Amino acid sequence: MTNPWTIEDAEELYGVKRWGAGYFSIGENGSIQIAPNHRQPDVTIDMKEVVDEIIAEGIQLPAVIRFHDILRSQVEILNETFAKTIADANYEGRYVGVFPIKVNQMREVVEEIIDAGEPYDYGLEAGSKPELMAVLAYNENPRALTILNGYKDEDYLTLALLGRQLRRKIIIVIEKFSELEMLIPLSKKLGVEPIIGLRSKMMVRSSGKWAGSSGERAKFGLSITEILNIIELLKQENMLHCAKLLHFHIGSQLADIRKIKEAVSEGARLYAKLIQMGVELEYLDIGGGLGIDYDGTSSTTDSSRNYSTEEYVADVVYGVKQICDLENVPHPNLVSESGRAITAHHSCVVTNIVGEIKNTGAKFDISASSGEHILVSNMRELVNAADTMHPQERYNDAASFKQSAYEAFKLGILSLEEMAKLDTMYWQILTEIHHSLDRESFVFQELEELEDMLASQYLCNFSIFQSAADTWAIGQVLPIVPITRLDERPAVRCSIVDITCDSDGKLSKYIEGTEISDNIPMHTLRKGEEYHVGMFLTGAYQDVMGDMHNLFGRLTEVHIYSHDDEPGDFYIEEVVPGTSAEKVLETMQYNTDFMAKTVKKCIDREVRKGTIAPREGVRWTDYYEKCLAGSTYLKV
Ligand SMILES: *Cc1c(COP(=O)(O)O)cnc(C)c1O
């Protein structure tokens, strides 16, 4: 007898609290709960109520759901942790962070971050010309920084100088010597003095997926020799006082705190030496990299991190202080460019399972017929041998009969009916073996293989390439969890496949307890009842990196604010419709008016021929146009 299933079991299996960072948990009613505001942990939103309301409003899934309170909370937590640590450490600089908008450039996201960060003079970082155009318009706080990274041309630099004219604290971070050679004459010509940052190429090698961001072969940054040459040039031009910031960025999703400490030591030492040379630096910018515990293991795997935000901040503040005190230089103001850590939690994708693909699904009548092939009778004997054979032996025999049957079929010896019988019996045997095994105490070397073979595929109404690009590109783990029924034992092992016609369109890594698994237990699908799943922590990069594979396009977005006077403690503030079929086609240079006209012309021709009735022709024409204006995802 197995024990009854509890919420704690579901929590253990899906690890919601481990990756949820205090925002996500499972309620007693078996659905996901969100406490979006770190200052009001008692205000919780039931995800099922959110989904019910979305559906009641006629919004089609899949949808991106944004919890704006989580975004605000993350901005507050980072800034307040720095402020508190700085006070505790008697550190003499302040923290003036920036949000790198490449992590999520959605206007609503950037606006919310700017608004929540206002009391802390939290600024923005841009890495390209269009991003600079956005931050020029959105970061109006004259005390907040605007940091400009990435390779720059004359327009990029000119726009930055425009920002100086608008009294913004815009810092142009020099990535290459030639950028400075361009900047100096430009600033003299326009009569605008720049604030200059220097990006150092770090010697410390980070590990993980972004290891290439540091080390001598890094794409960005200046070597020590180049930094000294730049200082020389600035001196000659009487512009040394413009150099105010030292910057480094050793990679994203830094899993190991030791690498962060190393980078901080290296950066702080360089800062101190430059100060001693007479460079009037005011800021030390430690870049991004603050990690997210996507898989909930608190480890140094690529999808986790072995430290908390508090530890990260403490290591930065105390690390810089120690070196500055040793070198007898003033403490710099600290800048960080955390993107992932600010945005990852605030959005998720909610969608439905639209079908199940199952090897064991189809059944054929397996009763014996006269004159059937010996392989069929052999397999039938195996079906009846459950009590007499060792599971391993039975499994091996079944696999071998199946292989022989396949060979025989190719030679024309077995009929289609016989193949269907064999197949039905084969899957029946495998299923029985699987059920008879006790996962805990019985070691069966093919067990994992068996589990994989028997796992169903749940067909999920979304595109990996649009909504979870990193799961495909770099093997990132993202939590995927049913929204409801978590008080019920999940009885089906399955993997999640998307609706693109690409066989790469599937998730291949799942959180199962503290392990990463090839498949995941979910609940049995019920006829006439939708099964909703959420893919979480998609707010950083995933939200904005999606591509046009299969022309699915952007998802509908639902923006949620928490409010304790509202029923369910939340309200939908805005719905942003997803990309219509028409819009995606137009980005691929199709002329949809022309397409509609062409199809109409073809329909009219059939009407004239009499193969389509006139009324029916009008209906087909309207239908085609309606589909053009409609959603690209599956309607259920
Ligand atoms: C991408 C990037 C960041 C953001 O890194 P996260 O790991 O998301 O915090 C910060 N700074 C620079 C220069 C970057 O390229």
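All ligand and atom numbering here is 1-based and tracks the order in the structure. Worth saying up front: this structure is predicted, and the values here are computed from it rather than measured.
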field: Gly288: numbered ligand 1 atoms lying under 4.0 Å from its heavy atoms
entry: 5 (O), 9 (O), 10 (C), 11 (N)

task: Return yes if some donor-acceptor pair links the side-chain N/O of Arg18 with the main-chain N/O of Gly513 below 3.5 Å, else return no.
output: yes

- prompt: For Tyr633 and Phe552, what are the C-alpha separation, side-chain angles and deciding distance, and is it a ring-ring contact (aromatic ring centres under 6.0 Å, His included)?
  reply: CA-CA 6 Å; Tyr633 290 89; Phe552 280 111; 5.1 Å; yes

message: Below the 3.5 angstrom mark, is there an N/O of Ser338, backbone or side chain, next to an N/O of ligand 1?
response: no

field: Within-cut-off N or O pair, His247 and ligand 1, under 3.5 Å
entry: no

query: Taking the six-membered ring of Tyr151, is the NZ or CZ of Lys176 close enough (under 6.0 Å from the centre) and on axis enough (within 45°)?
result: yes

query: With atoms numbered from 1 as shown, which atoms in ligand 1 lie under 4.0 angstrom from a non-hydrogen atom of Gly339?
result: 6 (P), 8 (O), 9 (O)

message: Tell me whether Ala341 has any N or O atom under 3.5 angstrom from an N or O of ligand 1.
response: no

task: Would you please test Leu183 and Ile196 for side-chain contact (heavy atoms from CB on, under 4.5 Å) and show each step?
output: CA-CA 10 Å; Leu183 177 62; Ile196 292 175; 4.0 Å; yes

message: Pair Asp295, Trp19 - check side-chain hydrogen bond (donor to acceptor under 3.5 Å, both in side chains), show working.
response: CA-CA 6 Å; Asp295 65 16; Trp19 51 257; over 6 Å; no

query: With only distance considered, is Glu125 within less than 3.5 Å of ligand 1 through an N or O on each side?
result: no

statement: Logged contact type for His249 with ligand 1, heavy-atom cut-off 4.0 Å, is side chain

Carboxylate-amine/guanidinium proximity below 4.0 Å for Glu573 and Arg66: no

- prompt: Quick one: nearest non-hydrogen protein atom to atom 11 (N) of ligand 1, plus distance?
  reply: Glu337 OE1, 2.6 Å

- prompt: If you count the atoms of ligand 1 from 1 in the order shown, which ones are under 4.0 Å from a heavy atom of Arg340?
  reply: 6 (P), 8 (O), 9 (O)

message: Give the atom numbers and elements of ligand 1 that come within less than 4.0 Å of a heavy atom of Tyr541.
response: 1 (C), 4 (C), 5 (O), 6 (P), 8 (O)

query: So is Phe220 close enough to ligand 1, meaning a heavy atom under 4.0 angstrom away?
result: no

- request: Check for a donor-acceptor pair, side chain of Gln466 on one end and backbone N or O of Gly553 on the other, with a separation under 3.5 Å.
  value: yes

task: Name the closest protein heavy atom to atom 2 (C) of ligand 1, giving the residue it belongs to and the distance to 0.1 Å.
output: Lys102 NZ, 2.3 Å

field: From CA spacing to verdict: side-chain hydrogen bond (donor to acceptor under 3.5 Å, both in side chains), Ser562, Asn37
entry: CA-CA 8 Å; Ser562 76; Asn37 186 333; 5.1 Å; no

Derivation and outcome, salt bridge (charged side-chain N to carboxylate O under 4.0 Å, His left out), residues Glu175 and Lys201: CA-CA 9 Å; Glu175 309 263 10; Lys201 197 174 268 190; over 6 Å; no

- request: Output the list of atoms in ligand 1 that are nearer than 4.0 Å to some heavy atom of Pro100, sorted by atom number.
  value: 4 (C)

field: Protein heavy-atom partner closest to atom 7 (O) of ligand 1 - residue, atom, separation in Å
entry: Ser252 OG, 2.5 Å

message: Heavy-atom pairs closer than 4.0 Å: do any link ligand 1 to the side chain of Gln253, the backbone, both, or neither?
response: backbone

field: Side chain, backbone, both or neither: the part of Arg199 lying under 4.0 Å from ligand 1 by heavy atom
entry: side chain

query: Do any N/O atoms on Asn149 end up under 3.5 angstrom from N/O atoms on ligand 1?
result: no

Atoms of ligand 1 close to Val103 [distance to a heavy atom under 4.0 angstrom, numbered from 1]: 8 (O)

query: Looking at Gly289, which atoms of ligand 1 are within less than 4.0 Å of one of its heavy atoms?
result: 5 (O), 6 (P), 7 (O), 9 (O)

field: Asp285 side chain vs Leu246 backbone, donor-acceptor pair below 3.5 Å
entry: no

query: Would Val173 and Leu148 satisfy side-chain contact (heavy atoms from CB on, under 4.5 Å), going step by step from the backbone distance to the final call?
result: CA-CA 6 Å; Val173 177; Leu148 304 181; 5.8 Å; no

message: I'd like to know if the side chain of Arg107 and the backbone of Glu111 have a donor-acceptor N/O pair within less than 3.5 Å.
response: no

